[in-house]
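So the structure is just underneath, and the comments pick up after that.
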Amino acid sequence: MIRISFPDGAIREYQPGVTGMEIARSISEGLARKVLAARVNGEVWDASRPITTDATLSLLTWEDTDGKSTFWHSSAHLMAEAVEAIFPGVKFWVGPPIDKGFYYDIDLGDRAISEEQLKQIELLMSDLAKKNSVYERKAVPKAEAVSYFSEKGDEYKLDLLQGLNDGEITFYTQGNFTDLCRGPHIPHTGLIKAVKLTNIAGAYWKGDEKNKQLTRIYGVSFPNQKELDEYLLMLEEAKKRDHRKLGKELGIFTFDDEVGPGLPLWMPNGTVVIEELERLAKETEQDAGYKRVVTPHIAKESLYLTSGHLPYYQESMYPAMEMEGTKYYLKAMNCPHHHKIFAAESRSYKELPLRLAEYGTCYRYEQSGELFGLMRVRCLHMNDAHIYCTREQFADEFRAVNDMYLKYFKIFGIDKYVMRLSLHDPAKLGKKYIDEPELWLETEAMVRRVLIESNIPFIEVPDEGAFYGPKIDVQIWSAIGREFTLATNQVDFAQGRRFKLNFTNKDNQPETPLIIHRAPLGTHERFIGFLLEHYAGKFPLWLAPQQVRILPISDKFLPYAQEVLKQLKKADIRAELDDRSEKIGKKIRDTELMRVPYMFVIGEKEVNEHKVAVRKQGQGDQGAKDVSEIISILKNEITERQ
RNA sequence: GCCGUUGUAGCUCAGUGGUAGAGCACUUCCUUGGUAAGGAAGAGGUCUGGGGUUCAAUUCCCCAUAACGGCUCCA
């Protein structure tokens with residue numbers, strides 16, 4: 001007998017060779033029907049795979065992340081079976097589960113899949129699922145696997161096989177489809193009750209743009225129709241939060257073909273948000289000892305040769321313009337300009353840390369296919385600053401920058417993000433990374449220590465650093481699930497030297513400062529795009545382009561409404577008067593749709609009592625208040641940035 | 001940049017090988033109504049741009065361009 005330990009601590013004995021499914025059945029039929037896979041000694045297995053030794057066991061269902069992944073992986077195989085039936089002779093690359101669903105990369109030869117055919121594949125998948133085909137696992141000697149795929153002429157699977165050793169190669173077969181696959185899989189196709197193929201896209205083989213492009217089909221599947229319906233509904237809801245849609249509806253920004261792709265035009269409402277963000281940044285930076293600077297949008301070629309950005313990033317910069325025989329570039333980053341301000345005067349250690357801040361305008365020639373609403377643009381305004389400090393000052397400065405991030409995130413209620421510490425790869429020193437092995441290790445350790453001491457959860461990723469030093473990125477996700485770096489905090493021990501920056505230290509010796517690049521609010525573009533989605537267009541009062549709209553019930557009350565408007569403006573509250581001859585219901589609806597936080601309804605009663613009927617966006621009538629009283633409430637809410 | 005899809009009024013979208021339509025928005029008039037759409041009339045389009053096929057192209061084909069879905073990239 002073998003001893004099986006369960007997650008609840010129970011230990012039961014079974015015959016050697018018992019399967020996860022058999023154990024499930026011994027517990028209850030209901031459980032057995034739900035089991036998708038089994039975690040045996042920490043490894044996810046087919047529920048049908050025999051267990052021969054003592055083991056810990058968790059039975060995985062749809063409720064488990066690994067259960068879901070297995071389910072989607074099996075769904076990818078089911079899709080492949082359907083695709084192969086409709087397009088005989090296609091070749092498959094890989095078909096993994098992803099965050100929400102699965103995909104399969106397919107070489108269709110010179111064929112293409114139309115939307116209708118996608119529907120057809122989806123229908124066939126449902127039919128095939130109903131056959132309850134079992135996913136059968138078979139261990140195959142490498143030679144046999146190679147000859148199988150050689151015969152098929154499948155260079156993709158042969159390529160996969162190259163990386164595998166004899167003895168670890170398995171095939172899975174369900175219905176008419178056999179695939180080289182590590183597994184595991186769910187018991188049978190009948191568990192897949194609802195399928196939706198979401199989109200078709202091109203994807204480079206092995207993710208390398210030099211390689212051939214395969215066709216990728218994305219899909220998602222569920223154990224019942226209800227969950228699929230809910231998922232589709234959720235997607236619809238997410239689309240409503242999309243900053244591109246909200247930005248248009250709320251008059252925040254627009255694009256124009258004649259201006260150019262990726263060059264946003266900020267409309268009056270969006271400009272208000274920009275100005276409020278800048279006000280916040282200026283206040284915060286002033287408190288933190290920053291000094292503001294302003295630099296031009298262009299610079300001579302030599303500046304970027306000194307910085308090292310040319311030629312490495314030339315492709316991402318707008319082409320040079322030539323003036324009197326000299327090349328000028330639109331700036332893609334502010335740092336070289338700031339370094340020149342540092343270099344403009346002789347510096348003493350007494351001046352450090354020197355913190356130079358600028359909402360700098362940068363232009364980057366992002367690839368056309370990369371542009372994405374406000375999140376990825378070609379003209380951006382960075383909440384940029386560079387801190388020049390000594391090595392001794394570094395940790396404190398870095399910590400202060402981190403504290404600033406957290407302060408901002410609290411104001412905006414940002415809690416869904418991941419802090420990512422990007423490190424260098426020692427093998428690429430001198431190539432991708434500046435060749436300063438000790439400085440790398442030293443600064444990485446400093447950064448890591450600051451994060452740990454500040455109790456900030458973070459993940460570490462190797463080989464993602466900037467060429468001049470390690471960095472911390474704050475990763476966020478857009479409404480439709482795309483990942484972006486919202487803010488960045490970077491160490492730079494390279495550019496100080498490149499620009500021959502130095503300060504005179506206590507020993508009267510020149511010393512190169514360490515530099516911190518930081519952009520806690522990222523760029524106006526990405527940050528406002530993010531905020532639109534984060535707030536679903538409902539900006540807090542202090543950020544709202546329009547804070548109050550006055551809604552007279554009839555034209556008779558316009559004079560009093562004008563009076564109230566005057567008082568609001570005097571109090572520096574962004575207010576407008578809806579003086580259209582519309583009914584109050586209509587005015588309220590329009591104001592609600594524009595997400596104006598406060599409405600002041602004015603009728604006969606309010607005029608007589610010298611009040612306004614306050615209505616809050618999304619919350620309805622709040623009762624009548626004295627004008628001066630509500631103004632002081634709003635002023636407080638604005639000042640506190642609630 | 002690559003693969004795929006799309007481009008019709010300010011917005012959302014119908015539609016057709018014989019020079020175009022709806023709703024909302026806009027203008028004017030009527031209405032003066034108490035917490036999410038009052039009524040009427042009107043104005044508004046080089047059907048993304050350029051070529052081609054055709055007696056005739058917004059519609060079919062090609063190229064360009066932009067957006068969208070991905071891939072790649074992201075200082």
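Reminder, nothing fancy here: chain letters follow the sequence lines and each chain counts from 1. Every value quoted in this text rests on a predicted model; they were computed, and no experiment measured them. Below, all heavy atoms of this structure are taken into account, side chains as well, without hydrogens, waters or symmetry copies.
Among the heavy atoms of the strands lying under 4.0 Å from A:S316 is at least one base atom, whether or not backbone atoms are also near.
B:G45 sits 14 Å from B:C11 when the P atoms are compared, rounded to a whole Å. B:C13 and B:U8 have their P atoms separated by 9 Å, given to the nearest Å. Rounded to a whole angstrom, the distance from the C1' atom of B:U53 to that of B:C62 is 11 Å. On the P atoms, B:A20 is 27 Å away from B:C26, given to the nearest whole Å. Comparing the C1' positions of B:G21 and B:C73 gives an interatomic distance of 43 Å, to the nearest angstrom. Rounded to a whole angstrom, the distance from the P atom of B:U6 to that of B:A43 is 35 Å.
Taking the salt bridge (Lys or Arg N to Asp or Glu O under 4.0 Å) definition, one finds that A:E606 meets it with nothing, sequence neighbours left out. A:R589 is linked by a salt bridge (Lys or Arg N to Asp or Glu O under 4.0 Å) to nothing, counting only residues two or more places apart in sequence or in another chain. Considering only residues two or more places apart in sequence or on other chains, A:Y231 meets the ring-ring contact (aromatic ring centres under 6.0 Å, His included) condition with A:F222. Legend: residues meeting ring-ring contact (aromatic ring centres under 6.0 Å, His included) with A:Y204, ordered by chain and number and at least two apart, are absent. For A:Y359, the ring-ring contact (aromatic ring centres under 6.0 Å, His included) test picks out A:H524, with sequence neighbours left out. With sequence neighbours excluded, no residue forms a side-chain hydrogen bond (donor to acceptor under 3.5 Å, both in side chains) with A:K605.
Phosphate contact (OP1/OP2 of B:U12, side-chain N/O of A:K248, threshold under 4.0 Å): present.
Sorted by first and then second residue, the pairs that involve residues 583-626 of chain A and meet ring pair (Phe, Tyr, Trp, His ring centres under 6.0 Å), not counting sequence neighbours, are A:Y560-A:H610. The stretch residues 477-491 of chain A participates, sequence neighbours left out, in these side chain to side chain donor-acceptor pair (under 3.5 Å) pairs: A:Y468-A:Q490, A:D473-A:T488, A:Q475-A:E483, A:Q475-A:T485, A:T488-A:Q490.
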Requested in this report: Summarise how protein sits on nucleotides 64-69 of chain B as a single string, 5' to 3': B when a protein heavy atom is under 4.0 Å from the base, S for sugar-phosphate-only contact, - for no contact.
Outcome: --SSSB

Report summary line: A correct 5'-to-3' footprint of nucleotides 23-37 of chain B, with B, S and - meaning base, sugar-phosphate only and no protein heavy atom under 4.0 Å, is --S-----BBBBBBB

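Looking at residues 462-478 of chain A, you'll see A:Y468, A:K471 sit with a heavy atom under 4.0 Å from some atom of RNA chain B.
Between the side chain of A:Q213 and the base of B:C2, at least one donor-acceptor pair of N or O atoms lies under 3.5 Å.
In this structure, A:E155 does not pair ionically with A:K212, as no charged nitrogen and carboxylate oxygen lie closer than 4.0 Å. Checked for salt-bridge contact, A:R244 and A:D242 meet the test: a charged N lies under 4.0 Å from a carboxylate O. By the 4.0 Å N-to-carboxylate-O rule, A:R355 lies close enough to A:E397 to be salt-bridged with it. By the 4.0 Å N-to-carboxylate-O rule, A:D590 lies close enough to A:R580 to be salt-bridged with it.
Checked against the 6.0 Å centroid threshold, A:F372 and A:F484 count as a close aromatic pair.
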**Report entry** Strand RNA chain B as a dot-bracket string - pairs counted if Watson-Crick or G-U with both distances under 3.5 Å, | where the partner lies in another strand
**Finding:** (((((((..((((....[..)))).(((((.......))))).....(((((..]....))))))))))))....

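By the 6.0 Å contact criterion, NZ on A:K432 is enclosed, its count of non-hydrogen atoms from other residues, nucleotides or ligands being greater than 12.
For the pair A:L380 CG and B:C74 P, the interatomic distance rounds to 16 Å; values are reported in whole Å.
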